[in-house]
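Step one of this worksheet: look at the structure below.
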Amino acid sequence: MNNSEVAQVFEDIAELLELKGDKGFKVIAYRRGAESIRSQGRDIKAIWEESALEDIPAVGKAIAEKTAELLRTGKLEYYENLKSEIPIGLLEVLKVGDVGPKKAARFWKELSITSVNELEAAAMKGALRELSGMGAKSEARILDNIQALKRRQTGRMSIGAALPIAEHLLAELRKHPKVKAAETAGSLRRMRETVGDLDLLVSTDHPDEVMQAFVELPIVGRVLGRGDVKTSVELIDGVRVQVWTHASERFGTALQYATGSKDHNVRLRELALSKGFSLSDQAFKLEQGGEITVAKESEVYEMLGLPWIAPEMREDRGEIQAAQNGELPKLIEIRNLKGELHAHSTWSDGKNSIEEMVQAAVKQGHKYLAITDHSQSLGIANGLTEKRVEQQREEIAKVRKTLNNDFVLLHGTEMEILADGSLDFPDDLLAQFDLVIASLHTSLRQPREQVTARMINAIKNPHVDIIAHPSGRLIGKREPADLDMDQILEAALEHGVILEINSNPERLDLNDIYARRAAEMGIPLAINTDAHRPEHLAFRNFGVGVARRAWITSRQVVNCWTAPRIQKWLNARG
Ligand code: DGT
Ligand code: CA
Ligand code: ZN
């Protein structure tokens, strides 16, 4: 073990003791000792061999003995004992901003939280605000801090976290009198599921003034680099941002370049060269000298004899060839969506009543909404028993009476596919729902054959209409189930089952790759938000992003159907 590994053990001990409620000199002693060992200019092992551990400042008899035990055996009994008393995952929880040992210990004792993921899940469910001394605000802050921690650890953030930050920065930039236009570029504009850094593009004739104003924004933590065209900063919560400035007459090439992807750009530059241009973020340079600047991005493609290609398609997945052949699909847009087919209410783990969810859907401009609460075996989500399904049907009937003729409320269920492959409700009950979603929430780690067979069994049931979030992944948190997707897609096609693109930015499931394959095969897709509260209905933006990355048109998405068409389709399935 080297100095820093030994020091880490003592730092852990200090934190574990604090979690136990110890806050006296012992905690301080371990911290000081750790710090001192870490900053020794000499190898701790050499000092130990000289029997001189106690000469190290802040290292007394107790720490010296423990250090010796660590160096001799690679282990420390005292440390192992502490770890068996206190879940080690709580040390990660302590890395979340605003969470000290006292709070972490309460989360553990009162809510059985032993890891950052469990803390996040509890915060999302609104469970933290129920603790005394906590509220909705401190709960939201903890969620933000968890995001920041994950960014520090993985270097990438979810698009759901990135987009609001980018929108805030764009709004600030657009307020500046010298800014003519400001747009997002990079992976965010392409709607990738995770984003490394934010790229923002500004059109201005006064780059210095604009950059100066930008780096002075209170949200900017430090400046990493400042150039003529590009400034890189780190925001106070660790998010990295690049701002590029260009004169408006060069904005077209600049936006195209900064949007990427790198691979798409490489292809485009090759195409330009074959036509006698060299293409950069600044201009088209001509072989015989001189340059052509373009203000609009579409003109970049026009110069190369291509129609404009949507940013979501720019991944070098055949889009340039499709553009050359005049075969670009007319991608789905948010305004094409007419309804929501997956939403929860307080009947299971949603936060709002059926009525409130209906109002929210109407406000989104939807023409229909399916309430699809969980089924009985999902106890943690307060799943509905057969009896409660009947009661819910009565409430749905009541709410329907209050609705205008042009809005349709569907009574659905999100039914568990159980670990043994059977379904959570019997067929005669399923037949009484307007819409049946089947999904996996448990035993996702089963071997491939087993978990695939479970899913296929659900697909084969004639009452099942939609498979929700097929892989079960949570981005950066839980790996997808090991499904044999070839088999799943074949089965969905054969049985006419709809596959969902779940729009929650934590899920985005199907992902762009499988969504594209499914659509190409002719499997109908749904873009659903899985809303557990009204604000979640806005997640459809991300689901549409996935669909566009999957080259999907409105004709392939059932949420673009009218309510009567959906109803007719559902009735025909029984
Ligand atoms: P990210 O940030 O990792 O999520 O991914 P991007 O795509 O935003 O990539 P980033 O931030 O490294 O660069 C922004 C854009 O700049 C990228 O989409 C295309 C362009 N770019 C960066 N490096 C190169 C390069 O070496 N060649 C070309 N042609 N374009 C580049
Ligand atoms: Ca980027
Ligand atoms: Zn759901």
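In each ligand, atom 1 is the first atom listed, and ligand 1 is the first ligand listed. Note that this is a predicted model, so its numbers are computed, not measured.
Note on ring orientation: taking the six-membered ring where Trp is involved, the planes of His342 and His469 are tilted (angle from 30° to 60°). Under the 30°/60° scheme for interplanar angles, the aromatic rings of His344 and His374 are found to lie parallel. Classified by interplanar angle (parallel below 30°, tilted 30° to 60°, perpendicular above 60°), the ring pair His536/Phe539 is parallel.
Within Asp197, the N/O/S atom positioned nearest the Ca ion (ligand 2) carries the name OD1. Looking at Asp199, its N, O or S atom nearest to the Ca ion (ligand 2) turns out to be OD2.
Of the N or O atoms in Arg190, one or more lie within a sub-3.5 Å distance of an N or O in ligand 1. In terms of polar-atom proximity, defined here as any N/O pair under 3.5 Å, Arg269 does make such a contact with ligand 1. Residue Arg156 has at least one N or O atom closer than 3.5 Å to an N or O atom of ligand 1. For a threshold of 3.5 Å applied to N or O pairs, the pair formed by Asp197 and ligand 1 contains at least one separation below that value. By the 3.5 Å distance cut-off applied to N or O atoms, Arg192 is not counted among the residues near ligand 1.
Proximity of Lys367 to Trp561: side-chain heavy atoms (C-beta onward) are nowhere separated by under 4.5 Å. The side-chain heavy atoms of Leu328 and Met313, taken from C-beta on, include a pair separated by under 4.5 Å.
Protein contacts to the Zn ion (ligand 3) involving N, O or S atoms at a distance below 2.8 Å are His342 NE2, His344 NE2, Glu414 OE1, Asp530 OD1.
Among protein heavy atoms, atom 20 (C) of ligand 1 sits closest to Tyr257 O, 3.4 Å. Closest to atom 15 (C) of ligand 1, if we only count protein heavy atoms, is Ala258 O, 3.2 Å. In this structure, the protein non-hydrogen atom closest to atom 4 (O) of ligand 1 is Ser187 OG, 2.6 Å. For atom 25 (C) of ligand 1, the closest heavy atom belonging to the protein is Lys262 CG, 3.4 Å.
Under a cut-off of 6.0 angstrom, the local environment of NZ in Lys125 is sparse, with at most 12 non-hydrogen atoms contributed by other residues, nucleotides or ligands. Other residues, nucleotides and ligands place no more than 12 heavy atoms under 6.0 Å from the OH atom of Tyr514. The number of heavy-atom neighbours closer than 6.0 Å to CZ of Arg267, taken from other residues, nucleotides and ligands shown, is 12 or below. With a 6.0 Å radius and a threshold of 12 heavy atoms from other residues, nucleotides or ligands, Ile219 has its CD1 atom above the threshold. Counting non-hydrogen atoms of other residues, nucleotides and ligands closer than 6.0 Å to CD of Glu479 gives a total of 12 or fewer.
Between the side chains of Asn504 and Glu506, no donor-acceptor pair of N or O atoms lies under 3.5 Å. Ser261 and Asp263 share no side-chain donor-acceptor pair at under 3.5 Å. The closest side-chain donor-acceptor pair between Asn265 and Gln256 falls under 3.5 angstrom. There is a side-chain donor-acceptor pair under 3.5 Å between Ser439 and Glu414.
Using a 4.0 Å cut-off to heavy atoms of Thr259, the atoms of ligand 1 that qualify are 18 (O). Near Gly186, meaning under 4.0 Å from any of its heavy atoms, are these atoms of ligand 1: 8 (O). With ligand atoms numbered from 1 in the order given, ligand 1 contributes 4 (O) to contacts under 4.0 Å with heavy atoms of Val195. For ligand 1, the atoms closer than 4.0 angstrom to any heavy atom of Asp199 are 8 (O), 11 (O), 14 (C). Within the listing of ligand 1, atoms 11 (O) sit less than 4.0 angstrom from a heavy atom of Gln242. Numbered from 1 in the order shown, with element, the atoms of ligand 1 that lie under 4.0 Å from a heavy atom of Gly260 read 17 (C), 18 (O), 19 (C). Near Asn265, meaning under 4.0 Å from one of its heavy atoms, ligand 1 places the atoms 19 (C), 29 (N), 30 (N).
Among Leu483, Ile467, Val497, the one residue that satisfies the side-chain contact (heavy atoms from CB on, under 4.5 Å) test with Ile488 is Leu483.
We find that Glu312 and Arg190 are not joined by a salt bridge, their nearest charged nitrogen and carboxylate oxygen being 4.0 Å or further apart.
Here Ala185 has no heavy atoms under 4.0 Å from ligand 1, in either its backbone or its side chain.
For atom 9 (O) of ligand 1, the protein comes within 4.0 Å by no heavy atom at all.
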